[in-house]
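Below: the structure, in structure tokens.
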Amino acid sequence: MYQNLNFLDTEITFLPGVGPKRAELLNKELNIFTFRDLIYYFPYRYIDKTKFYKTAELSPDMPYVQIRGFIKGYSFEGQGAAKRLSAVFSDETGTIKLVWFKGTKWIPGNFPPGPEYVIFGKPGLFNGAINIVHPEIEAVAQKSENMGSVLQGQYSTTEKLKNQFITSKVIHKIIGNMFQLPEFKIQETLPLYIIEKYNLPLLGESLRAIHFPVSQSEIDRAVYRLKFDELFYIQLNIFRFKLNRTTKYKGLVFQNVGAKFNDFYYNHLPFPLTNAQKKVMKEIRKDLGSGKQMNRLLQGDVGSGKTMVALMCMLIAIDNGFQACIMAPTEILANQHFATISKMVNGMDISVKLLTGSSKKRTRDNISESLRDSSLDILIGTHALLEDKVIFRNLGLVIIDEQHRFGVEQRAKLWRKNVSPPHVLVMTATPIPRTLAMTLYGDLDVSVIDEMPPGRKPIKTAHYYDTKMNMVFGFLKKQIKEGRQIYVVYPLIKESEKMDYKNLEDGWDTFVRNFPPPEYCIAIIHGRMTSELKEESMRLFKSGQAQILISTTVIEVGVDIPNASVIVIESAERFGLSQLHQLRGRVGRGNDQSYCILVSSVKLSKEAIGRLEVMVRTNDGFEIAETDLRMRGPGDIEGTMQSGMPFDLKISDLGKDGQIIEYVRQIAEEIITADPQLNKEENFILAQNLKSLFYKKESWRDIS
Ligand code: ADP
Ligand code: MG
């Protein structure tokens, strides 16, 4: 039935032991459709099946254990939801209890007292005695064959699968069935010369070993080979496209640093640049004059002064006769950039305009015209810039602020707004750990602003339970007396969530009660307000008339009001680490000591406590991002960055596999440099695999 196909492309339903019903469950629950999906479904842990414990040895801090012994009898205990089936299980050293909350009807019938059983489970402690809840049981006599393997893989399953008896053991068994098929065949994915040069086990061998290992060292080698594969192909893909891009597209050459740049630099610069800003400008200028199209990621912690760098780059573009634009993820931020940049170039002959979703038709027409006749130099805006109607005469530089807020397609759209692609500078305050950057943005060059403007004091962060709000209010009043301003932020996960708005409204009421007019003025801002009202609130706060700004996370990115030196984050436990860090970055922008107060309920999960502790301990964005990566896993981070990772990582862990990534990156670079199109005979397999792995993504992959 599968002669014409690659063996691994066979649908799972044709595997002995599966069939249409189980196939459907595996599709739905685990995303397993083909033999390949199944064979790449790896165990998350191994159990040493040769090791048996005695009941007297057990303690509740042990992981999963195996014991041999006898069931002495069953009884029901407890009431209602706590009702459970309990069995007395003993060996020659003592007895423990086995407990079931589910399946209580069929357990005693299937495992009657009498024969010797092997049970498997995690020891726990209940009322001072050792028990095992929901153990696996099998009679000693029928212990299944394992292809000679003593370490048995454990596969994760879902509740639904377990209810249909597709347990870890069943998955293990059907994988075994696949290996036993006469047609079984694994095609090697790496050329022999790589396998030999880097001393890797063969793919087929590794896949066997990861499912049916005979020793731990065999597992280690298999895991290494499979990670190598996965990460190597990502890097290979990145280098191939980077090379393609630079050969395919000629970059606009910005030869001069001209009159406008110099006028600004010598006469309008409001403060001396930091060394880091200077260094980054040098890197960017080199790109712009090189004849290559720039694709650069500018990374700098919140408040490090990226906007200034953006402006100076735009001035270089203008000096070379080009237009420039900057796109920001929120209207508030676009407004702010417009205000800051207009002010900075005030008195110079530079035309700056703002385009957002709420721009009126007249403004739009006016912008269109000035874009066409080249009288407009800088266009600042939101997603509105992406609209087809926005046509530049000669767009030379695109800057995307807080780029992690934009999808790849959106970035690509701007890229296409000029006949020859403009230079692209994407900016982010989300400190991306090195390994992640190498995987996701490996085709971007990276510049880092690793220094804050002088005079900044580290923000002091404290965590308070919401039962202690009176203390917080007292502190805030003191700060206001000293002339400071305060942000209060409420979580708003989805704009539509009613509950979130209720929190915001309740919060507003509480604050107004504690900070009554006319002594105090409180402004509010959230996504449901019209842009006029939003602007009015921002104006009140920016001008200092309002001492407190209550808001949702609409202020999360970019907002820059140096006199606001305190931020109170309500329900802080509901935010992720990088979001907390971004929010905290709203303060600490002036010379005053700044504070971040994290307010949470008393009931906290272990993870939430961990997050809040990290925030209190450090201001270092990179440390926070690394911790975030370790705590949450890259999947989530990837999600928030919307970067479109080419595929899900099946075995690699970006938080932990940094060394392998660096290693395979070097190898990939060497190969592509020697054989850019992978045309050499020895690289045939590489070309073929790249195509099948990344085929669908090619349309946008050369655009960053
Ligand atoms: P971010 O990198 O988070 O976008 P901004 O560009 O908003 O940071 O800059 C943060 C604040 O620091 C702004 O008020 C800006 O004017 C100020 N700033 C930027 N560069 C310098 C500098 N070299 N010296 C002093 N202040 C600076
Ligand atoms: Mg910014």
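Note that these values count all heavy atoms, side chains included, but never hydrogens, waters or copies made by symmetry. Whatever order the structure lists them in is the order used to number ligands and atoms, beginning at 1. Just so we're clear, the structure is a prediction, and the values are computed from it rather than from any experiment.
- Close to ligand 1: Gly303, with a non-hydrogen atom less than 4.0 angstrom away.
- In summary, the side chains of His526 and Ser551 do not present any donor paired with an acceptor at a separation below 3.5 Å, with no hydrogens or angles considered.
- Gln547 places no side-chain N or O within donor-acceptor distance of the main-chain N or O of Gly483, the cut-off being under 3.5 Å.
- Ligand 1 is never approached by Arg586 to a heavy-atom distance shorter than 4.0 Å.
- For Pro272, the heavy-atom gap to ligand 1 drops under 4.0 angstrom.
- Using a 4.0 Å cut-off between heavy atoms, Met344 makes no contact with ligand 1 at all.
- Contacts between Asp560 and ligand 1 below 4.0 angstrom, taking non-hydrogen atoms only, involve the side chain exclusively.
- Looking at Lys306 against ligand 1, both its backbone and its side chain come within 4.0 Å, counting heavy atoms.
- Listed by first then second residue, pairs satisfying salt bridge (Lys or Arg N to Asp or Glu O under 4.0 Å) with a partner in residues 267-279 read Lys279-Asp450, not counting sequence neighbours.
- Applying the 4.0 Å criterion to heavy atoms of Gln277 picks out, from ligand 1, the atoms 19 (C), 20 (N), 22 (C), 23 (N).
- Using a 4.0 Å cutoff on heavy atoms, Ala429 does not count as a contact of ligand 1.
- By the side-chain contact (heavy atoms from CB on, under 4.5 Å) test, Lys360 is found to be paired with Thr363, Glu532, residues two or more places apart in sequence or in another chain being considered.
- Remark: Lys353 is not positioned above the aromatic ring of Phe338, lacking an NZ or CZ atom under 6.0 angstrom from the ring centre and at most 45 degrees off the axis.
- Numbered from 1 in the order shown, with element, the atoms of ligand 1 that lie under 4.0 Å from a heavy atom of Leu273 read 23 (N).
- Here the side chain of His423 pairs a donor or acceptor atom with the backbone of Leu252 at under 3.5 angstrom.
- A salt bridge between Glu387 and Arg364 is present, with a side-chain N of the basic residue lying under 4.0 Å from a carboxylate O of the acidic one.
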